[in-house]
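Heads up, the thing below is written out as structure tokens.
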Amino acid sequence: GVGSWGGELAIGIRPRYDLVLAAERSRSVTPSEYRDWVDNLDQPIRQTTRFDRVPPSAPVRYYLRDRGRQIGSVAWIPARFVPFVQAGAGVTRYRFEQQGDFIDQQTLNVFTDRLTSTGWARTFSLGAGAQWNLNQRYLVTAQARYLNASGDGDAPNGEFAGYRVDLSGVSTVIGFT
């Protein structure tokens, strides 16, 4: 299964700029098996791959239009549609694990093992989206983000020596404020 959740806190630093404190967690669990091989009991050779990623970040968001206008000293009229772009940096905590049966390519023996790689990686992100104001109090935000990060398979507890763990990806987000 696959799941993700997160939250953001936007702090206005200029009329069209927000500093966004963002945190999310995504997880996937994927079963697999060797297609052309079976073990010595004629059973499938199966593994389960688990991947957890937690990338807290602090992007800066720029609104391409004014978010609304002030009328007098107490009234505010929000704009109906406000597009934005954002860029930021942070870190990603990750855990990549494969557990199950594997084939030794030298001897063709089947063995059971759990291979893991965990660590922290620098993260860079780019995104674009928009806010739609439903009324004076509620709005919907939608955005697409690209996260760029790469983990080290040689990291402590890294059993994927010589490999990089690709933490990059595109995500879409829909939220309510």
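Just so you know, residue 1 is the first one in the sequence shown, and it goes up from there.
Residues Leu167 and Thr123 form no side-chain contact, since every pair of their non-hydrogen atoms from C-beta on lies 4.5 Å or further apart. Under the 4.5 Å side-chain criterion, counting only non-hydrogen atoms from C-beta, Asp52 is in contact with Arg25. No side-chain heavy atom of Arg27 sits less than 4.5 Å from a side-chain heavy atom of Arg50. Counting only heavy atoms from C-beta outward, the side chains of Pro55 and Val91 never approach each other to under 4.5 Å. Inter-residue side-chain proximity for Arg145 and Val173 is flagged as met; some heavy-atom pair is nearer than 4.5 Å. Side chains of Ile71 and Ile77 form a contact here, defined as non-hydrogen atoms less than 4.5 Å apart.
The minimum heavy-atom distance between Ile103 and Phe111, with the atom names listed, is C-CE2, 3.9 Å. Shown here for Tyr94 and Trp120, the closest heavy-atom pair between the two residues is CE2-N, 3.8 Å. Residues Tyr146 and Val170 share a closest heavy-atom pair of CD1-CG2, 3.8 Å.
To the nearest 0.5 Å, the span separating CG on Leu64 from CZ on Arg16 amounts to 7.5 Å. The CD1 atom of Ile13 sits 9.0 Å away from atom CD1 of Ile11, with the distance rounded to the nearest 0.5 Å. In this structure, OG1 on Thr112 lies 4.0 Å from CG on Asp101, to the nearest 0.5 angstrom. Atoms CZ and OG1, on Arg137 and Thr177 in that order, are 14.5 Å from each other to the nearest 0.5 Å.
Under the 4.0 Å criterion applied to side-chain N and carboxylate O atoms, Asp39 and Arg46 are not assigned as salt-bridge partners. Under the 4.0 Å criterion applied to side-chain N and carboxylate O atoms, Glu33 and Arg35 are not assigned as salt-bridge partners. We find that Glu24 and Arg93 are not joined by a salt bridge, their nearest charged nitrogen and carboxylate oxygen being 4.0 Å or further apart.
Arg95 contributes no side-chain N or O that, together with a main-chain N or O of Ser117, makes up a donor-acceptor pair within less than 3.5 Å. For Arg65 (side chain) and Val82 (main-chain N/O), no donor-acceptor pair under 3.5 Å exists by modelled atom type. Under a 3.5 Å cut-off, the side chain of Thr92 and the backbone N or O of Val54 do not form any donor-acceptor pair. A donor-acceptor distance shorter than 3.5 angstrom exists from the side chain of Asp166 to the backbone of Ser168, with no hydrogens or angles considered. Between the side chain of Arg53 and the backbone N or O of Ser26, no donor-acceptor pair lies under 3.5 Å. Remark: the backbone N or O of Asn135 is not paired with any side-chain donor or acceptor of Asn133 at under 3.5 angstrom. Asp18 places no side-chain N or O within donor-acceptor distance of the main-chain N or O of Val20, the cut-off being under 3.5 Å. Within the 3.5 Å criterion, the main-chain N or O of Pro15 finds a donor-acceptor partner in the side chain of Arg67.
No hydrogens or angles considered: nothing links the side chains of Ser125 and Ser57 as a donor-acceptor pair under 3.5 Å. For the residue pair Gln98/Thr49, the side-chain donor-acceptor check at 3.5 Å is satisfied. A donor and an acceptor atom, one from each side chain of Ser32 and Gln47, are located under 3.5 Å apart.
Cluster annotation: Val165 is connected to Phe102 through the hydrophobic network of ILVMFWY side chains, with a link wherever side-chain heavy atoms come within less than 4.5 Å. Both Tyr34 and Leu108 are members of a single hydrophobic cluster when ILVMFWY side chains are connected at heavy-atom separations under 4.5 Å. No continuous path of ILVMFWY side-chain contacts below 4.5 Å connects Phe84 to Val60, so the two sit in separate hydrophobic clusters. When the side chains of ILVMFWY residues are joined at heavy-atom separations under 4.5 Å, either directly or via intervening members, Val85 and Tyr63 end up in two distinct hydrophobic clusters. Taken together through direct or relayed side-chain contacts under 4.5 Å among Ile, Leu, Val, Met, Phe, Trp and Tyr, Ile174 and Leu134 form part of one hydrophobic cluster.
For Arg14 and Tyr17, the positive end is not near the middle of the six-membered ring at less than 6.0 Å and at most 45° from its axis.
For Tyr138, the OH atom is loosely surrounded, since the number of other residues' heavy atoms within 6.0 Å does not exceed 12. Within a 6.0 Å sphere centred on CH2 of Trp37, heavy atoms belonging to other residues, nucleotides or ligands number 12 at most.
Between Phe51 and Phe96, the ring planes are perpendicular. Angles over 60° get that label, and only those under 30° would be called parallel.
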From CA spacing to verdict: side chain to side chain donor-acceptor pair (under 3.5 Å), Arg164, Ser150
CA-CA 6 Å; Arg164 301 293 296 167; Ser150 180; 3.2 Å; yes

